[in-house]
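Right, one structure below, let's go through it.
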There are 2 protein chains.
Amino acid sequence: MRSSSSSSAHASAKHDHTKCISAALDTAEQLCVVRGVQLTPIRLQVLKLIWESHQAVKAYELLDRLKPLKQEAKPATVYRALDFLIEQGLIHRIESLNAFIGCHYSGQQHEQLLLICKECHEVEERSAPAVMDALSSEIDQAGFIAHSKAIEIHGICAKCSKETDAQG
Amino acid sequence: MRSSSSSSAHASAKHDHTKCISAALDTAEQLCVVRGVQLTPIRLQVLKLIWESHQAVKAYELLDRLKPLKQEAKPATVYRALDFLIEQGLIHRIESLNAFIGCHYSGQQHEQLLLICKECHEVEERSAPAVMDALSSEIDQAGFIAHSKAIEIHGICAKCSKETDAQG
DNA sequence: ATCGAATATGTTATATTATCACAACTTTGT
DNA sequence: ACAAAGTTGTGATAATATAACATATTCGAT
Ligand SMILES: [Zn+2]
Ligand SMILES: [Zn+2]
Ligand SMILES: [Zn+2]
Ligand SMILES: [Zn+2]
C-alpha cells in the first residue's frame, strides 16, 4: 500500500497551483507580445500542459495529452512548440531526464539550479546566486566563455524525505 | 577552408596525451582489482576508445569504433560497458550531449564541473571546490538530499577562443 | 485588397539513443 | 565437479528526436 501515496499526494497540497499556472501564462503572453513573437494556440496549449504540475514532463507524454485536443498532433508538433518555449525562456529542458518543466523566472535572468526529486518527480528551480557567482568565477578562471549553464541535482525533496520518515 | 583547422589541431598539442591514457588505464585497473570487479577486455577496450581524446564520444560512435575489433559488438555491448564504467566512476555521462568522457578524478570524490566546448567538443573536468561548497549549502537550505550532481557548461574553451581571435 | 516574405503547421519518413528478454558462456567459490 | 553469480551474444523493440517538403497563416508594404 505504499505505492500510491507518494506520487500524487503532496503535489496538490501546500500551495495554490492555479496561481502558478495563471502567473506563468500571463507572463508568457506578455513576454511574447513585447518580443513580437507568436504564442500560438499550439504553443499555449503545450505550455498549459507543462504547467499542469511541477513534475518533469516528457515530450511523448505531452504528445499523448495533446492528441485529444489536437488530433493532427505529431512528434514534430510537440518538439516545435517545445523549441519555441525554450527559446523564449518559458520552460526548461531537463537534460538528465529528457524532460521539460515550466520556468519560474521567465522574465528575468537565466542560470538556474534544478532540484529533481526521484520520488515525486517534482522539480524545484532556484536562482542560487551564491552558487552562480562561484560558478562564474570558476569558469572565468578556466578562460572559458559560457553560453549556457545547467545544474541538475537528483535526489529526494524535503516533502518526500519527511513522508518517508513518517511512514517508517 | 575553415572547416578542418579547429577540430583536430589543438587536441594533440600542449600535452602528452599518452600519459593521460596510461594514467587513466592504470587507475582503472587498480580500482577494479581493489573493488573485486572485472575490467573485462570489452570494458577495457571501450575505456581505451573513450580515452583516445578529450572529446565527448557518443555510444554509437564507440560502437562503430569497436566493431572492427569485436565483430559481435551490438548496442547492448557498448551500453553495458558504459554502465559498468560509469558505476565505477571511470567515465562520466554528459547528459546534455548523450555522450561520454573519461573521468580525470577516478579514485577520488565525485562532484565535477564539466566545461564543454561547442567548437572542438573537448571537455574539461574541474573539481571546483568553491562552487561545490556553495552548491551543497544551497541544497541543504532547500532541505533536499542530493544523490547526484551534474554541472554542465556549454561554450567556447580558452584554446578555441584564442584561435578565433587569431583567425579574425 | 492584394501581394510576397516570413512564420507556422501538416505529414511522412527516418535518424538517433537506449533497453529488454532470453540463451549461452565464463568466472568464482565450494 | 558443481552451482551461483556475473558476463556476453543476439534479436527485437522502445523511446527520443529530427529531416524534408508541402500547405497554410500572419503581417507588413504596396
Ligand atoms: Zn504550483
Ligand atoms: Zn519529492
Ligand atoms: Zn590528454
Ligand atoms: Zn574548444
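Proteins get letters first, then strands, A, B, ... in listed order; numbering begins at 1 in each. All values below come from the heavy atoms of this structure, side chains included, with hydrogens, waters and symmetry mates left out.
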SB check B:E95 B:R93 (cutoff 4.0 Å): yes

Any A:K58 side-chain nitrogen or oxygen under 4.0 Å from OP1 or OP2 of D:dT16: yes

d(NZ, A:K74; P, C:dT12) in whole Å: 6 Å

Sub-4.5 Å side-chain heavy-atom contact between B:Q45 and B:K70: no

Any donor-acceptor N/O pair under 3.5 Å between D:dG6 base and B:R80 side chain: no

Heavy-atom pair with the smallest gap, counting every atom of A:S106 and A:R35: O-NH2, 4.4 Å

Verify same cluster id: B:V78, B:L49 (apolar side-chain graph, 4.5 Å): yes

Gap between atoms CG and P, on A:L82 and D:dT16 respectively (whole Å): 12 Å

A:L39 CG - C:dT7 P separation (whole Å): 17 Å

Spacing between B:L44 atom CG and D:dT7 atom P, to the nearest angstrom: 15 Å

OP1 or OP2 of D:dG6 under 4.0 Å from side-chain N/O of B:R43: no

Along DNA chain D (nearest heavy atom to each residue), the more 5'-positioned of B:F84 and A:A59: B:F84

Side chain of A:A76 (C-beta onward), nearest among C:dC20, C:dT11, C:dT9: C:dT11

Separation of atom CD in A:E72 from atom C1' in C:dA8, rounded to whole Å: 13 Å

Distance-only donor-acceptor test (3.5 Å): side chain A:Y60, base D:dA14: no

Any A:K70 side-chain nitrogen or oxygen under 4.0 Å from OP1 or OP2 of C:dG10: yes

A:N98 vs D:dA17: side-chain N/O to OP1/OP2 distance below 4.0 Å: yes

B:I42 CD1 to C:dC25 P, straight-line distance once rounded to whole Å: 15 Å

Nucleotide D:dG6, atom C1' - distance to CG of B:D83 in whole Å: 15 Å

Whole-Å gap separating P (D:dT16) and CG (B:L97): 18 Å

B:E87 CD to B:D83 CG distance, which is reported to the nearest 0.5 Å: 6.5 Å

5'-most by nearest nucleotide on DNA chain D - A:E61 or B:A73: B:A73

Toward the 5' end of DNA chain C, by each residue's nearest nucleotide, B:Q38 or B:R93: B:R93

